[in-house]
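Before any comments, here is the structure.
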2 protein chains.
Amino acid sequence: MTNIKDVAKKAGVSVTTVSRVLNNHPYVSEEKRKAVIHAIRMTNYQKNINAVHLIKGKTNLIGVVLPYFDHPYFSLVLKGITNQAIKKNYKIVLFQTDYREEREIEALQMLKQKQIDALIICSRATDLSIIEDHLQFGPIVLCEDIKSRKFSTTFVNHYTVFHKALAFLYEKGHRKIGYCIGRTSGTNSHMRELAYREFHEKYHLPYRPEYIIDQCIYFGDGEKVIEKLTTMMDPPTALLVTSDQVAAGIVISCQKRGISIPDNLAIIGFNNEPIAEMMNITTIEIPLMEMGKNLFLQAIDDAISSKEIIVKLIERGTV
Amino acid sequence: MTNIKDVAKKAGVSVTTVSRVLNNHPYVSEEKRKAVIHAIRMTNYQKNINAVHLIKGKTNLIGVVLPYFDHPYFSLVLKGITNQAIKKNYKIVLFQTDYREEREIEALQMLKQKQIDALIICSRATDLSIIEDHLQFGPIVLCEDIKSRKFSTTFVNHYTVFHKALAFLYEKGHRKIGYCIGRTSGTNSHMRELAYREFHEKYHLPYRPEYIIDQCIYFGDGEKVIEKLTTMMDPPTALLVTSDQVAAGIVISCQKRGISIPDNLAIIGFNNEPIAEMMNITTIEIPLMEMGKNLFLQAIDDAISSKEIIVKLIERGTV
């Protein structure tokens, strides 16, 4: 296929000159400009969609930032996003960050350079002020409750949800409640920790930092949680587990060890992933695909909007 | 931000004229061309990366075609691809197809239009000849054993693997063996069916089409498999299950119904997903992330290569 070098050779000019002509740089002689245009026509220089994007200022690509997608939480949000993108004739550019700031910045750079039309940040490590600096280059949609009118957001009120789930376990008689979470940083995690702390103050229960177990992301982390609990002198009698994957891992680990659920340990999972129904796990249902759909629609909308996603407790056999 | 309309307004020309200047269309008067170039400078018309791509003929975007990614098989292949893409400074454009041809064609179109540098097709519905027509526009890498030197491929020899797994069950005394699969079409499924058919011929066992259960993709499909088996007069005593997700669903469904594994039903899963280890499921380990890594490296390599991925049986408690 013809490339810029072929065009330059045909026109008898340097590649730089061809580039200047393509970029409408003024310091090209009319003679050379004509030679380049003639060469483009002679070599049938491939029509390039990037030229179309250059003119329209649109790529129909939407960037999606997430730490990892091989996890039901993010893969279901991403599925909601892509299903909607297909309907609206957009494609998704994936930024898998592992919560590394430099990769999030790369995504912001691509927005700045117009390689993508908008950016959906499902979860982030980068400071909000840095992200805010990039709003001038295109819409940026967030998946957290940040109380800013500069960003469109689709979020779950994790403070209220955590509070209600803790109260539910309290009513069932639990006084030693712990929780498992993916990471302790980030808006959503902070809201949950605040709810946990305030719940313990309200009910005059001792706050025990060892009851907060982080780095709980995958199925196999359930095993680690139970290992940790078995080393405690005074382990919790109930756990909020912010992913059904991990909750399922905990249930299976307990089965292996003869720990009875819910008698020895009560479990509330999160998301209502298919595994939660199959394994009869009590969980907080979060409509993740609906969240994804809304995030996408906000990304292609110039108006700023904010939508709280309503969740519900599904009572099954683990509490 | 300045767009093409602002430039046109400032230059006192139509948007079409600006577009013509940007495209180096010859039928623009020199006066108008100068006015447009002046207007671009005055309005500080945003430097656009698409102009850079236009010159380089490269976008550093690789397209990945897969039917769905919220499934461990594809999400792990995709993870292998993206991990490698990050190292090589490429981004991934996701084509979620649900095996719909028009979406696969869209991906091929984007290759043709140079919006992506190469295309990795993890699984497809489109005829190979149509895909072959697009090889002229950039590398296309396949995840199946097609015996063509036109494509780079990374594949598992599903014929041999299925044959070995069936022979393993035969040695354990099973004579009524069925299998569960995602779909019956596609190269990999055809290779498996051929192995299944030839195995039955070789051992003079009756071939029963009802022992082939398709549409087995997600965890919840395990329940459907067991429902189907319970309606059979003469159900199989062993199943090859081409996804550990589904195998795990089958195991849990059997637990609920008091069907003993492996005594009443033996199970061999595929992939060695984390759930297989947790649930002690005998499985064929496929190094999916390694496959993804190799697919990516082939996509950015101009040379054609073919790599067979070696798998192994991991014996656990379900056979």
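Since we're looking at a predicted model, the values are computed, not measured. By convention in this document, chain letters (A, B, ...) are assigned in the order of the sequence lines, proteins followed by strands, and residues within each chain are numbered from 1.
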Exercise. Looking at B:Thr82, B:Leu76, B:Val64, which one has more heavy-atom pairs under 4.5 Å with chain A than the rest?
Worked result: B:Thr82

Exercise. How long is the gap from NZ on B:Lys79 to OH on A:Tyr68, to the nearest 0.5 Å?
Worked result: 9.0 Å

Exercise. Can you check whether A:Met278's main-chain N or O pairs, donor with acceptor, with B:Lys256's side chain at less than 3.5 Å?
Worked result: yes

Exercise. Under a 4.5 Å heavy-atom cutoff, which of B:Arg103, B:Glu30, B:Met279, B:His71 has the most pairs with chain A?
Worked result: B:Arg103

Exercise. So, do A:Asn60 and B:Gln115 sit near enough that their side-chain heavy atoms are less than 4.5 Å apart?
Worked result: no

Seminar exercise, completed: Honestly, the part of B:Asp221 sitting under 4.5 Å from a heavy atom of chain A is neither

Problem set entry | Heavy-atom side-chain proximity of B:Gln96 to A:Asn83 below 4.5 angstrom | yes

Exercise. Are any non-hydrogen side-chain atoms of A:Leu78 and B:Leu94 less than 4.5 angstrom apart?
Worked result: yes

Problem set entry | Most contacts with chain A, counted as non-hydrogen pairs under 4.5 angstrom, among B:Asp98, B:Ile86, B:Ile252, B:Asn280 | B:Ile86

For this session: Step through the shown structure and confirm whether more than 12 heavy atoms of other residues, nucleotides or ligands are within 6.0 Å of CD on A:Glu285.
Result: yes

Exercise. Can you check whether A:Leu61 reaches B:Leu61 side chain to side chain, under 4.5 Å on heavy atoms?
Worked result: yes

Exercise. With a 4.5 Å limit on heavy-atom distance, are the side chains of A:Ile275 and B:Ile275 in contact?
Worked result: yes

Exercise. By a 4.5 Å heavy-atom criterion (distance strictly below it), what part of B:Glu106 contacts chain A: side chain, backbone, both, or neither?
Worked result: side chain

For this session: Heavy-atom distances under 4.5 Å only: say whether A:Tyr218 touches chain B with side chain, backbone, both or neither.
Result: side chain

Exercise. Once you round to the nearest 0.5 Å, how far does CG of B:Asp70 lie from OH of A:Tyr73?
Worked result: 15.5 Å

